[in-house]
Amino acid sequence: MKNIKFIYLKITLLIGLIFSLIVSCDRDISDEAVLAGFSTAGDVFIDGFTGGLDYYPFGDSYFEAFSVDQETKYDGDAAMRFDVPNEGDPSGAYAGAIFRTATGRDLSGYDALTFWAKGTQSGMVNEVGFGQDFGDNKYQVSTSLQLTTNWRQYIIPIPDASKLTQERGMFWYAEGPEDGKGYSFWIDELKFEKLGTIAQPRPAILKGEDVSQQTFIGSVSTLTGLTQTFNLASGLNQTINAAPGYFTFISSNPSVATVSESGVVSVIGTGTTVITAKLGGVDARGSLTLESLGNFTPAPTPTQDASNVISIFSDAYTNRPVEYYNGYWAPYQTTVGQNDIYINGDNIIKYAELNFVGIQFTKPTINISEMTKFHIDIQVQGTIDPTDYLIVRLADIGPDNTFGTSDDSSGEIRLTKANLNENNWASIDVSLSSLTTLTGKSNLAQVIFVSDATITDIYVDNIYFYKIPTTPTVAAPTPTVPEANVISVFSDAYTNIAGSDFNPNWGQATVVSQVPIAGNNTLKYAGLNYQGLQLGSSQNVTGMTHLHIDYFTGNSTSLNAYLISTGPVEKAKVLAVPTTSGWVSLEIPLTDFSPVNLADVIQFKFDGNGDIYLDNIYFHN
């Protein structure tokens, strides 16, 4: 189970351990004294629990799942019973818990955990094992359990018993409904044993594969696919998932990357290294070859207000629930995907060998009907040919929440060499209104990537939807230029030119007002077509170097600012709209307004469309 939550709901099964320690401050322990070790008891449940065991259910599990059953048992007087809830049970989504001792036991003399089990139906218990203690879980072991309706013995080998000199986690399990339905299963005669028939250890990392990756300084990742396989007396091979603590990890070039005892690989330099491992002195199959390319430049940090964002993948926001970032759709997909690249505190998705891959979120789907924009940062690794393309497809599954029905719709964003960068980030912002074939936006379920198989390796970050508010919620930034260096037209921070007319009658349709934004007086043009601003007197700004304007618009698609001198002589400056990140503080060199006579500036003009907010209009040097 991923990210299992827990609370310390403790049920004492048996209390039988009472100890005392008498220490004298005046006397040392005799050289002949023998210190007591930890209990070597192997029994966990034989007609009842051995002393000192506590039961801790996982926090989001069904707390009443476990009981002791004296009617159904394999042998003796009682067995452990586990009742798995139905899907959607308000009392808990699944059954799961650990059985833990307070002080720990010395299990180094055993080689397996054995038990008998059966169910009311055949089914696959997700995880059973030992070594989970709600602490470091340093020596955790797990495997799945194929139940039958008859009693059957199961064996979980210990990867390296020499490690278990003070193990607290005697047993743990986690199981959800089968096909949405709950059921019951029993476990009996649960104990650690020395079978002597556990043979041919074959440890592995990365599922035994030899993996090669390019990476960067600051990358942190955890080795996965850690297993140990033994041959049992029956002739069958038993594979278990083993915690990193059982392994010894080796980096061939520690100046490039180091590996902690918990299997965390940290890239610290440039070059190549090979990560391998041993378990109990046996070489593990599988390896990780890392080529560090040096320092990594992260994608730009998003600046949208979180209240206006629905995020799929970004460290800047709280992401909506996602089922997977690497949807595998056999048999045609070749993409190797992952969402666990971690570089200098930044999570990044990497897709390699890309032809197509999908991110899916159906539990629940996402309503983006109030959003206006889609954003994604993409970095293409390698060259981009003029004919190459990358498609980002947004898919909505309609009110019936079912794939493949008539109410499904999707829209495509086609990216080419003109939109993408080689080995650098490209920030893509797309108006959702431009995706005319995406007719539904209330049940979005997937973001899909499709390439022409020449763009094969990409990094992806900051996948989110956002809306641009039509009214600013915060004031424009407070100017910091000293007033002695300023000629101010409109600003609360300075003394403005006296007598200016902010709404001269030029026959415009624009509605002009001055409104408070977070306590700051702001000039508003509603329904702009064009609008003039008549200065109270002609201004000689030849001693100034720049015109400063703060502006905000959530709905304009065209905006120009003009400086006008007597004649009239005017020159426009195109302003980028809409202002997707809030207020834009613009510094326009006055040379951009040539041939306007800077010794005789008399007016401003704005034209375009939408609702425009203006503040801090001033000349400065």
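Note that these values count all heavy atoms, side chains included, but never hydrogens, waters or copies made by symmetry. Here the structure is a predicted model, which is why all the values come from computation and not from measurement.
- Using modelled atom types, one side-chain atom of Lys417 and one backbone atom of Ile384 make a donor-acceptor pair closer than 3.5 Å.
- Leu528 places none of its side-chain heavy atoms less than 4.5 Å from the side chain of Asp611.
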**Prompt:** Passes side chain to side chain contact (heavy atoms under 4.5 Å, CB included), Gln121 versus Phe185? Steps please.
**Reply:** CA-CA 8 Å; Gln121 63 182 46; Phe185 66 94; over 6 Å; no
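- Counting heavy atoms from C-beta outward, Phe361 and Val447 have side chains that approach closer than 4.5 Å.
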Cut-off 3.5 Å, no hydrogens considered: what does the side-chain donor-acceptor table look like for residues 396-408, sequence neighbours left out?
{"residue": "Asp396", "atom": "OD1", "partner": "Gly398", "partner atom": "N", "Å": "2.8"}
{"residue": "Asp396", "atom": "OD2", "partner": "Ser442", "partner atom": "N", "Å": "3.3"}
{"residue": "Asp396", "atom": "OD2", "partner": "Asn443", "partner atom": "N", "Å": "2.7"}
{"residue": "Asp396", "atom": "OD2", "partner": "Leu444", "partner atom": "N", "Å": "3.0"}
{"residue": "Asp400", "atom": "OD1", "partner": "Thr402", "partner atom": "N", "Å": "3.1"}
{"residue": "Asp400", "atom": "OD1", "partner": "Thr405", "partner atom": "OG1", "Å": "3.3"}
{"residue": "Asp400", "atom": "OD2", "partner": "Thr405", "partner atom": "OG1", "Å": "2.6"}
{"residue": "Thr402", "atom": "OG1", "partner": "Asp400", "partner atom": "O", "Å": "2.9"}
{"residue": "Thr405", "atom": "OG1", "partner": "Thr402", "partner atom": "O", "Å": "3.2"}
{"residue": "Thr405", "atom": "OG1", "partner": "Asp407", "partner atom": "OD1", "Å": "2.8"}
{"residue": "Thr405", "atom": "OG1", "partner": "Asp408", "partner atom": "OD1", "Å": "3.4"}
{"residue": "Asp407", "atom": "OD2", "partner": "Asp400", "partner atom": "N", "Å": "3.2"}
{"residue": "Asp408", "atom": "OD2", "partner": "Gly404", "partner atom": "N", "Å": "2.6"}
{"residue": "Asp408", "atom": "OD2", "partner": "Thr405", "partner atom": "N", "Å": "3.3"}

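- Nearest heavy atoms, Asn126 versus Gly176: ND2-N, 3.6 Å.
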**Message:** Checking Val267 against Leu290 for the side chain to side chain contact (heavy atoms under 4.5 Å, CB included) test, could you report, in this order, the C-alpha distance in whole Å, the side-chain angles of both residues, the deciding distance, and whether it holds?
**Reply:** CA-CA 9 Å; Val267 180; Leu290 291 175; 4.3 Å; yes
**Message:** If you apply the rule side-chain hydrogen bond (donor to acceptor under 3.5 Å, both in side chains), what do you find for Asn521 with Asp492, and how did you get there?
**Reply:** CA-CA 7 Å; Asn521 195 39; Asp492 286 346; 4.6 Å; no
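- Ion pairing of Lys441 with Glu370 is absent here, as no side-chain N (NZ or NE/NH1/NH2) approaches a carboxylate O to less than 4.0 Å.
- The pair Lys373-Asp429 does not count as a salt bridge, with every side-chain nitrogen at least 4.0 angstrom from each carboxylate oxygen.
- For CD of Glu87, the number of neighbouring non-hydrogen atoms (other residues, nucleotides, ligands) closer than 6.0 Å is 12 at most.
- Using modelled atom types, one finds no donor on one side chain facing an acceptor on the other under 3.5 Å when comparing Tyr173 with Gln132.
- Val380 places none of its side-chain heavy atoms less than 4.5 Å from the side chain of Glu422.
- A distance of 10.0 Å separates CD in Glu178 from OG1 in Thr120, rounded to the nearest 0.5 Å.
- Rounding to the nearest 0.5 angstrom, the gap separating the CG atom in Leu147 from the OG atom in Ser184 is 11.0 Å.
- Remark: the Thr227 side chain and the Asn241 side chain contain no N/O donor-acceptor pair separated by less than 3.5 Å.
- Going from atom NE2 of His548 over to atom OG of Ser585 covers 4.5 Å, rounded to the nearest 0.5 Å.
- Of the possible donor and acceptor atoms, none in the side chain of Asp615 sits under 3.5 Å from a partner among the backbone N and O of Ala476.
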**Message:** Pair Ser433, Ser431 - check side-chain hydrogen bond (donor to acceptor under 3.5 Å, both in side chains), show working.
**Reply:** CA-CA 5 Å; Ser433 60; Ser431 294; 4.7 Å; no
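- You'll find the side chain of Val392 reaches within 4.5 Å of the side chain of Leu415, heavy atoms only.
- The backbone N or O of Ala93 sits nowhere less than 3.5 Å from a side-chain atom of Asp89 that would complete a donor-acceptor pair.
- Residue Met371 comes nearest to Ile310 through the heavy atom pair CG-CD1, 4.0 Å, listed as atom of the first residue, atom of the second, then distance.
- Relative orientation of the Phe465 and Phe374 rings is tilted, given thresholds of 30° and 60° on the angle between their planes.
- Ser451 contributes no side-chain N or O that, together with a main-chain N or O of Phe449, makes up a donor-acceptor pair within less than 3.5 Å.
- Looking at Asn462, its side chain does come within 3.5 Å of a backbone N or O of Pro300 through a donor-acceptor pair.
- With values rounded to the nearest 0.5 angstrom, Glu291 atom CD is found 5.0 Å from Thr272 atom OG1.
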**Request:** Could you check Thr470 against Asn555 for side-chain hydrogen bond (donor to acceptor under 3.5 Å, both in side chains), going step by step and ending with a plain yes or no?
**Result:** CA-CA 6 Å; Thr470 56; Asn555 57 9; 5.8 Å; no
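- Looking at Asn609, its side chain does come within 3.5 Å of a backbone N or O of Thr557 through a donor-acceptor pair.
- For Asp136, the CG atom sits in a loose shell: 12 or fewer heavy atoms of surrounding residues, nucleotides or ligands are nearer than 6.0 Å.
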**Request:** Let me see the working for Thr579 and Tyr551 under side chain to side chain contact (heavy atoms under 4.5 Å, CB included), right down to the final yes or no.
**Result:** CA-CA 8 Å; Thr579 55; Tyr551 70 101; 3.4 Å; yes
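- Of all non-hydrogen atoms in Phe63 and Phe58, the two that sit nearest each other are CE2-O, 3.4 Å.
- Inter-residue side-chain proximity for Gln360 and Tyr325 is flagged as unmet; no heavy-atom pair is nearer than 4.5 Å.
- Across Pro477 and Asn616, no two heavy atoms sit closer than the pair O-ND2, 3.0 Å.
- Residues Gln146 and Gly123 approach most closely at NE2-O, 3.3 Å, considering heavy atoms.
- Of the possible polar contacts, none joining the Tyr613 side chain to the Val515 backbone as a donor-acceptor pair under 3.5 Å is found.
- Taking CD from Glu127 and OG from Ser144, the interatomic distance works out to 9.0 Å, rounded to the nearest 0.5 Å.
- The closest donor-acceptor contact from the side chain of Ser556 to the backbone of Ser558 lies under 3.5 Å.
- Side-chain contact between Leu223 and Val265 is present, with heavy atoms from C-beta onward closer than 4.5 Å.
- In this structure the side chain of Thr143 never reaches within 4.5 angstrom of the side chain of Thr239, judged on heavy atoms.
- Note that CG of Asp461 is 11.0 Å distant from CD1 of Ile378, once rounded to the nearest 0.5 Å.
- Here Phe606 and Tyr525 bring their ring centres to under 6.0 angstrom of each other.
- Without hydrogens or angle criteria, Asn560 side chain to Leu575 main chain gives no donor-acceptor distance under 3.5 Å.
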**Message:** Please determine whether side chain to side chain contact (heavy atoms under 4.5 Å, CB included) holds for the pair Leu420 and Leu390, giving the CA-CA distance in whole Å, both sets of side-chain angles, and the decisive distance to 0.1 Å.
**Reply:** CA-CA 9 Å; Leu420 301 170; Leu390 177 67; 4.1 Å; yes
**Request:** Please lay out, stage by stage, how Asp377 and Tyr459 fare under the test side-chain hydrogen bond (donor to acceptor under 3.5 Å, both in side chains).
**Result:** CA-CA 8 Å; Asp377 291 312; Tyr459 294 110; over 6 Å; no
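- Between Tyr94 and Tyr62, a ring centre-to-centre spacing not shorter than 6.0 Å is recorded.
- Residues Asp457 and Tyr351 form no side-chain contact, since every pair of their non-hydrogen atoms from C-beta on lies 4.5 Å or further apart.
- Between the side chains of Thr387 and Asp385, not a single donor N or O lies within less than 3.5 Å of an accepting N or O.
- Here the closest non-hydrogen pair linking Pro244 and Phe249 is O-CE1, 3.7 Å.
- A side-chain donor-acceptor contact under 3.5 Å links Glu323 to the backbone of Thr362.
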